[in-house]
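Since the model is a prediction, treat every value here as computed from it, not as a measurement.
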Amino acid sequence: MNPLRIGNFSGFYGDRSAALREMLTGGEVDVLTGDYLAELTMLILARDRLKDPSAGYARTFPRQLEDCLGLARERGVRIVTNAGGLDPAGLAGEIRRLAGRLGIPVRVAHVEGDDLTAAHPGTLAAHAYLGGFGIAACLRAGADVVVTGRVTDAALVTGPAAAHFGWRPDDHDALAGAVVAGHVLECGTQATGGNYAFFTEGDVRRPGFPLAEIHADGSSVITKHPGTGGFVDVGTITAQLLYETGGARYAGPDVTARLDTVRLGPEGPDRVRIEGVRGEAPPPTLKVGLNRLGGFRNEVVFVLTGLGIEAKAALVREQLADALAKSPPREVRWELVRTDRADADTEETASALLRLVVRDPDQRVVGRALSGAAVELALASYPGFHVLAPPGKGAPYGVFEEVYVPYVGAAHVAVLHDGRRIPVPPPQETRPLAAVPDPPLPEPLPPGPTRRAPLGLVVGARSGDKGGNANVGVWARSEDAWRWLAHTLTADAFRRLIPESRDLPVTRHLLPNLRAVNFVVEGILGAGVAAQARFDPQAKALGEWLRSRHLDIPEALL
């Protein structure tokens, strides 16, 4: 049987609008997937829906489709997307109206059952992460376009693959292979050189979007259309495999994929084979993402220039102490960022930033009283007083958390193009999640001379967020570098290099097949990205910070 060619045209809500047309015209493809949802996106859509009940889905997708629906129909390319967000039925209806207006006969189906908001009072949105078998049911019934709400990102790939190859829910190895391919595709150009640690090794000015050639056994080849920018190699695929994952078991509602069984290998220019993936029965419960309003947040950033930075910062803090004491916010956070340099030749490089962030359930506490107190310092504080932007009245912020419910708590249903409703049964076999024992360490490198140098000279990294936790995947590009990395970059060493993690739980997972270690740092992001608890709220650059830290590296590796 020929492989199923599944491409991606969107990795997030706001991705390149021209990508759908580029993927349709750039080469052969059978199915195109668009991933629009993230934890933060669900909150954004929920807040939009409060203002407009019809605003629960990604508005950019119908505009993309208007330009490309006829082309997709002509070429026989099916489209699967989670752009339905909080209202997949609403988006499916919008697409039908669009197709009618354009005179294009298409069959549009959608998947529902993920919305559990009514069962979780006090949330703006509560949605279960469904699997791919609802998508598969829609495609088997002849849908040209399938719209979902909150499914796992990989489900956009496992669904079409299961439909095409006839996989059953107990085909764990094949499903796991598709999950791994789906995880590679889900973030679009991150698999083709985007956000890549070694980005200078190719032309990444406009990376092409990725494509997976999936085989009946679940193995795949990751590639991209000929002539498109970026590049695909073992490194770009390794980086994406480590993105927002944790240990060896990568759990989902269809299957638990064993990342420690993944084998990668080059198969020609811009082609990487993924094989050997083993799967296990999925866990006995379904993940539900909860988004709620956490309160209100306000921020002022003071610019401190030239001499006496510490004294200037102390003066501002003292001057605002009274304002903060009159009606104390629940959380007050000061941070002095020393971006200044001595004898600087520009004013900007002579300046440091003092950031004040306050949070409270009451908007008035973080609002005008604090803003007024900050503004009143304009002529009465340190020399050179100014701020990056005027403080506001306080803005709402969100909090994300995850809970787990029995599968029967979500009525997973495929709603076909003709209106028929096909219930999707829960998995018959489940397996509780348990940590995989660490594999044995490789042989250490023999002793030799070392040099103090940045870690990133010998390893790559990619980091991201999962709720309030961050993960940092670090991989070596040679066997000797892996032997050194596995013995050197322990959880304790990570804490030393990343000081803000020193008092937090840090777990290290070894993945020898990928020559990688994956760190999970619990709680470093507070209540999630929407709470903006740190400078880099999604931990996107945490891996690059780690790579910039210096330690003693064997000269043989440099």
Trace of the side-chain contact (heavy atoms from CB on, under 4.5 Å) decision for L551 with L455: CA-CA 7 Å; L551 66 169; L455 175 64; 3.6 Å; yes
If you count every heavy atom of other residues, nucleotides or ligands that lies below 6.0 Å from L307 atom CG, does the total exceed 12? no
Test item: R63 side-chain N/O and S17 main-chain N/O as donor-acceptor pair under 3.5 Å: no
Chi angles and distances behind the side-chain hydrogen bond (donor to acceptor under 3.5 Å, both in side chains) call for N513, D260: CA-CA 6 Å; N513 279 8; D260 55 342; over 6 Å; no
Would you mind checking if R297 and E299 are paired as a salt bridge, meaning a charged N to carboxylate O distance below 4.0 Å? yes
Under a 4.0 Å N-O cut-off, is there an ion pair linking K466 with E402? no
Check step by step if side-chain contact (heavy atoms from CB on, under 4.5 Å) holds for T148 and L130. CA-CA 9 Å; T148 77; L130 302 179; over 6 Å; no
Do L557 and L445 touch side chain to side chain, with heavy atoms closer than 4.5 Å? yes
Output for pair (E186 CD, N8 CG), nearest 0.5 Å, gives 9.0 Å
For a quick test of reading the model, state the closest non-hydrogen atom pair linking T488 to A493 and the distance between them. O-CB, 3.4 Å
Backbone of T117 reached by a side-chain donor or acceptor of H127 within 3.5 Å: no
Within the side chain of T192, is there an N or O that forms a donor-acceptor pair under 3.5 Å with the backbone of F231? no
Roughly how far, to the nearest 0.5 Å, is the CZ atom of R364 from the OG atom of S327? 8.5 Å
Can you tell me if R452 has over 12 outside heavy atoms packed within less than 6.0 Å of its CZ? yes
Begin with the C-alpha distance, continue with both residues' side-chain angles, and end with the deciding distance and a verdict on side-chain contact (heavy atoms from CB on, under 4.5 Å) for F302 and L320. CA-CA 12 Å; F302 302 90; L320 284 177; 3.7 Å; yes
Spell out, as yes or no, whether a donor-acceptor pair under 3.5 Å connects the side chain of D465 to the backbone of G467. no
Residues pairing under side chain to side chain donor-acceptor pair (under 3.5 Å) where one sits in residues 372-389, two or more places apart or in two chains, turn out to be Q319-S381
D153 bridged to R150 by N-O distance under 4.0 Å: yes
Crowding at CZ, R47 (>12 non-hydrogen neighbours, <6.0 Å): no
Taking all non-hydrogen atoms of both residues into account, name the closest pair between A58 and P62 and its distance. O-CD, 3.3 Å
Here the salt bridge (Lys or Arg N to Asp or Glu O under 4.0 Å) pairs for residues 493-506, sequence neighbours left out, are D492-R495, E500-R534
Spacing of CG belonging to D233 relative to CD1 belonging to I222, to within rounding of 0.5 Å: 12.5 Å
Give the minimum heavy-atom separation between L286 and P253, together with the two atoms involved. CD1-CB, 3.7 Å
Between R59 and Y57, is NZ or CZ placed under 6.0 angstrom from the six-membered ring centre and within 45° of the ring axis? yes
Between L336 and A352, which heavy-atom pair has the shortest distance, and what is it? CD1-CB, 4.3 Å
Would you give the length of the straight line joining atom OG1 of T450 to atom CH2 of W484, rounded to the nearest 0.5 angstrom? 10.0 Å
Report yes if the side chains of K224 and D270 come closer than 4.5 Å at any heavy-atom pair, otherwise no. yes
Tell me, yes or no, whether the heavy-atom count around E555 atom CD, taken from other residues, nucleotides or ligands under 6.0 Å, exceeds 12. yes
4.5 Å side-chain heavy-atom contact, E310 and R338: yes
Counting N and O atoms only, with roles assigned by atom type, does the side chain of R547 sit under 3.5 Å from a partner on the main chain of V459, one being a donor and the other an acceptor? yes
Checking the side chain of N518 only, and the main-chain atoms of G246 only, is there a donor and an acceptor separated by less than 3.5 Å? yes
Using 30° and 60° as the class limits, which term best fits the ring planes of F9 and F61: parallel, tilted or perpendicular? parallel
Is a donor on one side and an acceptor on the other found under 3.5 Å between the side chain of N471 and the backbone of V520? no
Using the ring of each side chain (for Trp, its six-membered ring), is F198 parallel, tilted or perpendicular to W475, with breaks at 30° and 60°? perpendicular
Taking the six-membered ring of Y397, is the NZ or CZ of R359 close enough (under 6.0 Å from the centre) and on axis enough (within 45°)? yes
Is any side-chain heavy atom of L546 closer than 4.5 Å to a side-chain heavy atom of F494? yes
What's the spacing between N82 CG and T33 OG1 if we round to 0.5 Å? 9.0 Å
S463 side chain to K540 backbone, donor-acceptor under 3.5 Å: yes
Kindly check if the number of other-residue, nucleotide or ligand heavy atoms within 6.0 Å of CZ (F199) is above 12? no
Closest non-hydrogen atom pair between R508 and L485, with its separation: NH1-O, 4.1 Å
Can you give me the closest heavy-atom contact between T349 and T346, atom names plus distance? OG1-OG1, 2.6 Å
So do the side chains of N195 and Y243 get within less than 4.5 Å of each other, counting heavy atoms only? no
Any sub-3.5 Å donor-acceptor pair from D67's side-chain atoms to R21's backbone N or O? no
Quick one: does T228's side chain have a donor or acceptor within less than 3.5 Å of a partner on P207's backbone? no
Side chains of T490 and V517: closer than 4.5 Å at any heavy-atom pair? no
Should V521 and I498 count as side-chain neighbours, where that means a heavy-atom distance under 4.5 Å? no
Are E401 and R292 close enough, and set up right, to give a side-chain contact (heavy atoms from CB on, under 4.5 Å), and what steps lead you there? CA-CA 9 Å; E401 60 182 310; R292 58 183 173 83; 3.3 Å; yes
Distance, nearest 0.5 Å, that separates CH2 of W482 from CZ of R515: 9.5 Å
Is there a side-chain contact between P383 and K312 (heavy atoms, below 4.5 Å)? yes
